[in-house]
There are 2 protein chains.
Amino acid sequence: MDISSVSDPAARLVRMPAQERRELILEAATAVFAERGYAGTTTAQVAQAAGISQPYVVRMFGTKEKLFLEALDRSLGKLMDSFRSVVADYDGGRLAEKVAALGPERGTGRQAHLKALLSFAYADLIQDRGILLMLMQSFISGHEPVIGARAREGFVGIYRLLRDEAGMGEEVTRDFLAHGMLMNTLISLRLTDLYGQDAGADELLKCTMGAKLPLLLAHETPRAN
Amino acid sequence: MDISSVSDPAARLVRMPAQERRELILEAATAVFAERGYAGTTTAQVAQAAGISQPYVVRMFGTKEKLFLEALDRSLGKLMDSFRSVVADYDGGRLAEKVAALGPERGTGRQAHLKALLSFAYADLIQDRGILLMLMQSFISGHEPVIGARAREGFVGIYRLLRDEAGMGEEVTRDFLAHGMLMNTLISLRLTDLYGQDAGADELLKCTMGAKLPLLLAHETPRAN
DNA sequence: GTCTATAAGATGATAGAC
DNA sequence: GTCTATCATCTTATAGAC
């Protein structure tokens, strides 16, 4: 995703409904905050990515912090929506084929099935680096009074969704989260950049991502700078 | 760890050997970079934490980036030293008592034993938030040309150490790393701040940290700001 | 080895025009 | 709804004294 072209830079001064512009800015902000972090991102970078002026970004969201919070909420929302729809589809019997394709080595029973299905859904979702990295950025914001609090709420919310709403139980949820965190780290680190060049990186990626690796490598991941 | 008192602020203008001052600055830099990240940290904050002037920090390390790299290397070094010494002690039979105390539910055999022992060593090491958070900061620096490259090298180095040098094998190493990443996330997020106040947070912490939880809660974790 | 002074360049946010 | 101009602040790094 090329940050500088989230929207057409030539198309300035185009009036548009506030809600539409809002979403456009949030998408741009997600991409920039994701790579550069809260402190490392300037409102001018977000503005450029969204194709509008810097003061307008501030005008629309009040402060940089509020903009970050909205972008984080948006990512968390997409994640929870994705998980909820998998659970609903599984319970509605609409994933019977996918379940059959999983094979027995991933375990049997509802919890094991959900774990595998949700893991695929997650790998799918985080093909959008923006979403994944917004989460990662939130994880390291524990010390920030406002953002940190929201980050904790978000994480606990996902844990509850998985353990209680989806009914995966304590241990399965923990293992699911643990492997998710490892996937996060490998992607965030851009370990895929070393794929084919470093035997250790290759094996770690294969072993961690399994059948989901091709999805990752398909990424165009231009080193933003 | 109170950032503002890593060294005595009153003790200015005390001459000391360059190497000693270097280590002092690196320790201060680790604490500050850890909480606020690379972009969010100013050289003035590091200077204050180290009890010296801002220009002297720059003078000694050249640039903020070089300072960060040295602090990261220092943390990575401590981590690898810790892991290597566990492996050496295990193979030297010097951990027989600890192994016996593990109980059978953690598995038997060299790999399972090492996994459990290393996991305790890790929990011990990251009682120093600085080390853990420096690693986390490096994980999200994938897009930075210099820091990102070092971060990838460091991660692959640890993977190799565990898999090959320690002989834990692919799957066990992956699971070890995965659960380590989850621990990292919970600590970095300061989820312990919610302990006793949020049932979800409590159960996630207990389930993830197991016997290592008391270690975590013992922390004085003043919300730096 | 360590400091003070300061240059040179961002950056978040506000004011006010169109 | 959107922009231009601009302020006040902060930040890295350099120069040079002690």
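Worth knowing before you read on, the calculation uses all heavy atoms, side chains too, and leaves out hydrogens, waters and symmetry mates. The sequence lines fix the lettering, A, B, ..., with proteins before strands; numbering per chain opens at 1. Every value quoted in this text rests on a predicted model; they were computed, and no experiment measured them.
- The shortest heavy-atom contact between C207(A) and E170(B) is SG-CG, 3.7 Å.
- Between the OH atom of Y38(B) and the P atom of dT11(D) there is a distance of 14 Å, rounded to whole Å.
- Aromatic ring orientation, F33(B) versus F68(B): perpendicular (interplanar angle above 60°, classes split at 30° and 60°).
- Atoms CZ (F68(B)) and C1' (dT12(D)) sit 17 Å apart, rounded to a whole Å.
- At whole-Å resolution of the value, CZ in R15(B) and C1' in dG1(C) are 4 Å apart.
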- Dot-bracket for DNA chain C, please, read 5' to 3', with Watson-Crick or G-U wobble pairs under 3.5 Å on both distances, ( ) within the strand, [ ] crossing, | other strand, . unpaired. ||||||||||||||||||
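- The aromatic rings of F155(B) and F139(B) sit perpendicular, their planes meeting at an angle over 60°, well past the 30° parallel limit.
- Between the CG atom of L67(B) and the P atom of dT11(D) there is a distance of 16 Å, given to the nearest Å.
- The CZ atom of R22(A) sits 13 Å away from the P atom of dT2(D) (whole-angstrom rounding).
- Summarising the geometry, the separation between CE on M60(A) and P on dT14(C) is reported as 16 Å, rounded to the nearest angstrom.
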- side chain to side chain contact (heavy atoms under 4.5 Å, CB included) between Y159(A) and D164(A): does it pass, once the steps are laid out? CA-CA 8 Å; Y159(A) 175 65; D164(A) 304 331; over 6 Å; no
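- Among the atoms of the strands shown, only primed sugar atoms or phosphate atoms (P, OP1, OP2) are found under 4.0 Å from some heavy atom of M16(A).
- Atom-to-atom, CD of Q48(B) to C1' of dC10(D) comes out at 15 Å; the value is rounded to the nearest Å.
- With sequence neighbours left out, the salt bridge (charged side-chain N to carboxylate O under 4.0 Å, His left out) criterion links D175(B) to no other residue.
- Under the salt bridge (charged side-chain N to carboxylate O under 4.0 Å, His left out) criterion, R22(A) pairs with E70(A), sequence neighbours left out.
- When each of P17(B) and A39(A) is assigned the nucleotide of DNA chain C with its nearest heavy atom, P17(B) is the one assigned upstream, toward the 5' end.
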For nucleotides 13-15 of chain D, which of its nitrogen or oxygen atoms have a protein nitrogen or oxygen under 3.5 Å away, and what is each distance?
residue : atom : partner : partner atom : Å
dA13(D) : OP2  : K64(B)  : N            : 3.1
dA13(D) : N7   : Q54(B)  : NE2          : 3.0
dA13(D) : N6   : Q54(B)  : OE1          : 3.1

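- The pair E35(A)-R129(A) meets the salt-bridge criterion, since a charged nitrogen lies less than 4.0 angstrom from a carboxylate oxygen.
- Whole-Å rounding puts the R36(B) CZ to dT11(D) P distance at 10 Å.
- Side-chain atoms of A18(A) lie closest to dG1(D) of the nucleotides dG12(C), dG1(C), dG1(D).
- Sorted by first and then second residue, the pairs that involve residues 74-83 of chain B and meet salt bridge (charged side-chain N to carboxylate O under 4.0 Å, His left out), not counting sequence neighbours, are E23(B)-R74(B).
- Residues passing the side chain to side chain donor-acceptor pair (under 3.5 Å) test with D124(A): none are found, sequence neighbours excluded.
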